Amino acid sequence: MFGISDYGAFVAAFVLLLFLPGPGNLALITSTSQGGMRGGLASVLGLLLGDQILLWMTVAGVAALLQSYPHLFMALQWLGAAYLAWLGAKMVLAKPGEGTSIKITPGKYFKETMLITLLNPKAIMFYFAFFPQFIDLEKHQGMTTFVFMAVTIAVLGFLYCFGVVLITHTMAERIRANPKMSAVLQKLAGVCLIGFGLKLAVGK
């Protein structure tokens, strides 16, 4: 579909990425807790803009490799698959209490969430590892493929982030840190990432 090798897997993988605990999720929860729905929605826009900037920076590099160095692009796909598996293994083996803590200045939800997203090295590496895996070298349609992938990511990201903000706002007084559940979900996500990495490597 539009030069994407497996659109269903692309959607599933990005949804998994959204659910991974990290600075983005914490920024949404913190902003909503401090600024209500207005602060949460500002944080959503900041996160989505940051994601799109990282995505199109990735597209620029991927497009150059596709056009000039197809063999290097294939090498990037292999390295990306290995990185996803390595990231998953780190999550599985992580010790309790290694979560990320962030601070958001009241009234600066959009700006600071965008910067948190842009300056997150894991997010940068994940996009470079994740994005090329689903590009079909034979059916690739140039900018049409990239735009379709970018729109998919924007829509899924907005739906997820809006859901996080809505739940946080509605249940603010009931939400409490649950280390055991968080650890279980992190390890489960790690296993899924290892599976994705292996599946993508085998499919090359």
Side-chain angles (χ1 to χ4, degrees), residues 10-59 83-84 87-88 90-92 94-131 149-190 192-193 196:
F10 172 69
V11 170
F14 187 71
V15 169
L16 172 64
L17 167 64
L18 289 172
F19 277 94
L20 293 179
N25 284 294
L26 291 176
L28 291 175
I29 293 171
T30 302
S31 298
T32 306
S33 299
Q34 292 180 354
M37 284 295 293
R38 190 171 182 177
L41 291 175
S43 190
V44 168
L45 294 178
L47 190 148
L48 293 179
L49 179 58
D51 270 347
Q52 287 294 312
I53 291 173
L54 290 180
L55 186 152
W56 286 104
M57 287 174 61
T58 303
V59 165
Y83 174 73
L84 293 179
L87 185 61
K90 282 193 66 177
M91 294 176 66
V92 171
K95 297 179 181 178
E98 290 186 349
T100 306
S101 61
I102 63 166
K103 293 182 179 180
I104 300 288
T105 305
K108 297 183 179 180
Y109 307 115
F110 171 82
K111 178 182 177 181
E112 294 189 5
T113 302
M114 182 182 68
L115 289 176
I116 286 169
T117 303
L118 289 175
L119 299 176
N120 181 8
K122 288 186 178 180
I124 296 170
M125 288 300 298
F126 198 98
Y127 268 109
F128 272 91
F130 170 82
F131 204 70
M149 296 174 85
V151 170
T152 298
I153 284 176
V155 170
L156 292 173
F158 175 78
L159 292 175
Y160 172 80
C161 292
F162 182 76
V164 170
V165 168
L166 187 61
I167 291 172
T168 302
H169 180 67
T170 304
M171 304 181 65
E173 296 182 357
R174 299 181 182 179
I175 293 177
R176 295 290 184 271
N178 189 331
K180 290 184 178 180
M181 181 59 68
S182 178
V184 169
L185 291 176
Q186 177 170 310
K187 292 184 186 303
L188 179 60
C192 292
L193 276 182
F196 266 114

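Since we're looking at a predicted model, the values are computed, not measured.
Every residue meeting the side-chain hydrogen bond (donor to acceptor under 3.5 Å, both in side chains) condition with S43, not counting sequence neighbours, appears here in chain and number order: S31, T113. With sequence neighbours excluded, no residue satisfies side-chain hydrogen bond (donor to acceptor under 3.5 Å, both in side chains) with Q34.
Within the model, atoms CG of L45 and CE of M114 stand 11.0 Å from one another, a figure rounded to the nearest 0.5 Å. With values rounded to the nearest 0.5 angstrom, T32 atom OG1 is found 9.0 Å from H169 atom NE2. Residue L118 holds its CG atom at 8.0 Å from CE of M57, rounded to the nearest 0.5 Å.
Between D51 and L55 there is no side-chain heavy-atom pair separated by less than 4.5 Å. Using a 4.5 Å cut-off on side-chain heavy atoms (C-beta onward), V44 and F158 make contact.
Contact between A154 and L48 at its shortest, heavy atoms only, is O-CD2, 4.2 Å. Residues T117 and G50 approach most closely at CG2-C, 3.8 Å, considering heavy atoms. Closest non-hydrogen pair, Q52 versus A150, comes out as NE2-O, 3.3 Å. Scanning all heavy atoms of the two residues, the minimum distance from L18 to L156 falls at CD1-O, 3.6 Å.
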Candidate pair F10 and I153, rule side chain to side chain contact (heavy atoms under 4.5 Å, CB included), full reasoning
CA-CA 9 Å; F10 172 69; I153 284 176; 3.9 Å; yes

Take F14 and M149 through the test side chain to side chain contact (heavy atoms under 4.5 Å, CB included) and record every step on the way to the result.
CA-CA 11 Å; F14 187 71; M149 296 174 85; over 6 Å; no

As a quick check of understanding, evaluate side chain to side chain contact (heavy atoms under 4.5 Å, CB included) for L47 and L28, giving each step before the final call.
CA-CA 8 Å; L47 190 148; L28 291 175; 4.2 Å; yes

Would you please test V165 and C161 for side chain to side chain contact (heavy atoms under 4.5 Å, CB included) and show each step?
CA-CA 6 Å; V165 168; C161 292; 5.6 Å; no

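Remark: side-chain polar atoms of Y109 are not paired, donor with acceptor, to backbone N or O of A42 under 3.5 angstrom.
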